[in-house]
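Here is how names work: the chains are called A, B, and so on, in the same order as the sequence lines, proteins then strands, and each is numbered from 1.
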Amino acid sequence: MSNKVYKPKAISGFPEWLPEVRLVEQQWMDHIRRVFESYGYCNIETPSVEELDVLRAKGEVDKEIYVLERLHKDDDDESEARLAMHFDQTVPLARYTAQHFNDLVFPFKRYQMQRVWRGERPQLGRMREFYQCDIDVIGIDNLPLHFDAEMPAVIYEALEGLNIGRIQIKISNRKILLGLLESMDIKDMIAVTRSVDKLDKIGVDGVVQNLEVDGLSKDQIDTVMTLVQSKDLTSITPANEQMKEGLEELIFVMDQLKHLPEGAVVADLSIVRGLDYYTGTVYETNLLDIPEFTSSVCSGGRFDDLASSYINKHLPGVGISIGFSRLFDVLYQNGHIKTGAKSPADILVILPNKEQRALASETAQALRKRGLKVELYHAPQKLAKQLSYAEKKGISHVWFPPFDEGGKHEVKNLETKEQIEADPNTWTKDA
RNA sequence: GCGGCUGUAGCUCAGUGGUAGAGCCCUCGGUUGUGGUCCGAGUUGUCGCGGGUUCGAACCCCGUCAGCCGCCCCA
């Protein structure tokens, strides 16, 4: 045997958690899943990989894609499709929808909670492997605008229940800004939308400077900045049909969301999203209680035609994605996530001595049958050791089976130190 | 992909040319059926890696890799 060890180290951008943190992460996921399902979204899971050609069907992707290959593959072998890790869940959804088109019921409402991979430089809130929790709805030929309002409603409920402080979902409609730019005959719309998108990060002056670089005239910049900072949607005069349509849609969506608390959802015309496939409504979400983290933790929007690269149908959709790992990591690093137990167990059953091993095991089993999570201590070690084990793991109760034939069961609450006689067939935690 | 900063024990760090340290964590003990405190003992290191300068390098120089932050982009 060699004593040479490969010293393990974390791989940057590929997070992993200790059990007590993972426990919280799982609770979050359970909660989000419950909310999604309460609105009737069904779950699907797609493979971690897609064919590289599928990922690139919409043209070149500027994201860094991880490619998967076999170590012993034949270099000349062209018979194998090149596989790549998916970088989001929207492209896999499009492929899935096209592929199973005849077996799906439309509007197709699905949620997906999986890891995705992007080869970007890691930073706080930016990883190379991370979870996203997506909900999307896809219709055939048309999809009611009401779904555009359902997205933020579902998301607000999901995030609100996580106890992460105040969140704000910002909504806009790309048709508004794009309509205006078109009316002004501006060529490089993508550059302009990217500049505008940075408003809350670099401020008005920063955006103005960027727009100058983008080649806009003073008047054009004034017009754009005035629109983008407008608070009152009804006061805006549309410059063309597209802009008018966008305004009407946005006003409709906001109207549908009146039931949410003040400030939970706001219209913000500076939200346009980078280049992406969004064509109408767009969403971004900020953590108001962590102002130093300005990036969105939950984004999405409407796309006119999701799957045209994979099927000859017109399939409009609207969707939104919680950047789960980003959200979790940012809150954790900022000390907003309190971890508790290092174990899911409610009870540690003590092993009193070797003679009572069978009884201890039966006791644990009786408690488990009643829905409790129970760990049994297997080594016949001194009680101090067994108790301190329960304490370190954060298990709240310790169960003492009888030490001798005919003795009584006892259970101890480690927080209150209270120890009482109890029957494993009737005892409950809250009693 | 570009720019800045940083690499010493599992963690946080001290050590600026002369035999590698502290605190925390961890393990054991402080006797026989009850933890968290306290006391005692103990384990833990290619000083990121490679080269150079020097009698001598964790320390100075060069390179390299890794990490963090910012940019780009985005969840």
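One finds no side-chain N or O of A:S12 lying less than 4.0 angstrom from the OP1 or OP2 phosphate oxygen of B:A66.
The existence of a salt bridge linking A:R34 and A:E37 is excluded, since no basic side-chain nitrogen approaches an acidic carboxylate oxygen closer than 4.0 Å. Between A:E69 and A:R82, no side-chain nitrogen of the basic residue sits less than 4.0 Å from a carboxylate oxygen of the acidic one, so the salt-bridge criterion is not met. A salt bridge links A:E375 with A:K393: the closest approach of a Lys/Arg side-chain nitrogen to an acidic carboxylate oxygen falls below 4.0 angstrom.
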For this session: In sequence, state the C-alpha distance, the side-chain angles, and the governing distance for A:Y332 and A:H336, and then conclude on ring pair (Phe, Tyr, Trp, His ring centres under 6.0 Å).
Result: CA-CA 6 Å; A:Y332 183 63; A:H336 287 79; over 10 Å; no
Problem set entry | Steps toward side chain to side chain contact (heavy atoms under 4.5 Å, CB included) verdict (A:L387, A:V398) | CA-CA 7 Å; A:L387 281 164; A:V398 171; 3.9 Å; yes
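Legend: side-chain hydrogen bond (donor to acceptor under 3.5 Å, both in side chains) pairs involving residues 338-348 of chain A, not counting sequence neighbours, sorted by first then second residue: A:D346-A:K429. The ring pair (Phe, Tyr, Trp, His ring centres under 6.0 Å) pairs that include a residue from residues 363-386 of chain A are A:Y377-A:Y389, where partners are two or more places apart or lie in different chains.
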Seminar exercise, completed: Its contact letters, B for base, S for sugar-phosphate only and - for none at protein heavy atoms under 4.0 Å, make nucleotides 25-32 of chain B read -SSS-S--
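In this structure, A:F400 has no ring pair (Phe, Tyr, Trp, His ring centres under 6.0 Å) partners at least two apart in sequence or on a different chain. With sequence neighbours left out, the side-chain contact (heavy atoms from CB on, under 4.5 Å) criterion links A:E45 to A:Q114. By the side-chain contact (heavy atoms from CB on, under 4.5 Å) test, A:P261 is found to be paired with A:Y156, A:A264, residues two or more places apart in sequence or in another chain being considered. In terms of the side-chain contact (heavy atoms from CB on, under 4.5 Å) criterion, residue partners of A:N43 (sequence neighbours excluded) are, by chain and number, A:R33, A:Y111. Partners of A:D423 according to the side-chain contact (heavy atoms from CB on, under 4.5 Å) rule, which considers only residues two or more places apart in sequence or in another chain, are A:N425, A:T426.
Side-chain proximity of A:Q419 to B:C71, B:U34, B:C73: nearest is B:U34. Candidate nucleotides B:G33, B:C74, B:C71 were compared by shortest atom distance to the side chain of A:Q123, and B:C71 ranks first. When each of B:C68, B:C74, B:U34 is scored by its nearest atom to the side-chain atoms of A:P122, the top-ranked nucleotide is B:C68.
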What nitrogen or oxygen pairs link the protein and nucleotides 1-5 of chain B at under 3.5 Å?
| residue | atom | partner | partner atom | Å |
| --- | --- | --- | --- | --- |
| B:C2 | N4 | A:R121 | NE | 3.3 |

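With a cut-off of 3.5 Å on both pairing distances, the Watson-Crick or G-U wobble partner of B:A66 is B:U6.
RNA chain B is contacted by A:F400, A:F403, A:D404 of residues 398-409 of chain A, taking any non-hydrogen atom closer than 4.0 Å. Interface residues of residues 24-36 of chain A facing RNA chain B, ordered by number: none; criterion, heavy-atom separation under 4.0 Å. The stretch residues 321-353 of chain A touches RNA chain B through A:G323, A:R326, each having a heavy atom within less than 4.0 Å of the strand.
Aromatic rings of A:F328 and A:W28 (six-membered ring for Trp) have centroids within the 6.0 Å cut-off, being under it.
The gap from the P atom of B:C39 to that of B:U34 amounts to 22 Å, rounded to the nearest Å. Across the C1' atoms, B:U8 and B:U44 are found 14 Å apart, a figure rounded to whole Å.
In this structure, A:K198 reaches the sugar-phosphate backbone alone: every heavy-atom distance under 4.0 Å involves primed, P, OP1 or OP2 atoms, never a base. Across all strands shown, A:T285 has no heavy atoms under 4.0 Å from either base or sugar-phosphate atoms.
Residues A:K417 and A:R128 each lie close to RNA chain B; by heavy-atom proximity, the contact nearer the 5' end of the strand is made by A:K417.
Within 6.0 Å of CG on A:L68 lie more than 12 heavy atoms contributed by other residues, nucleotides or ligands.
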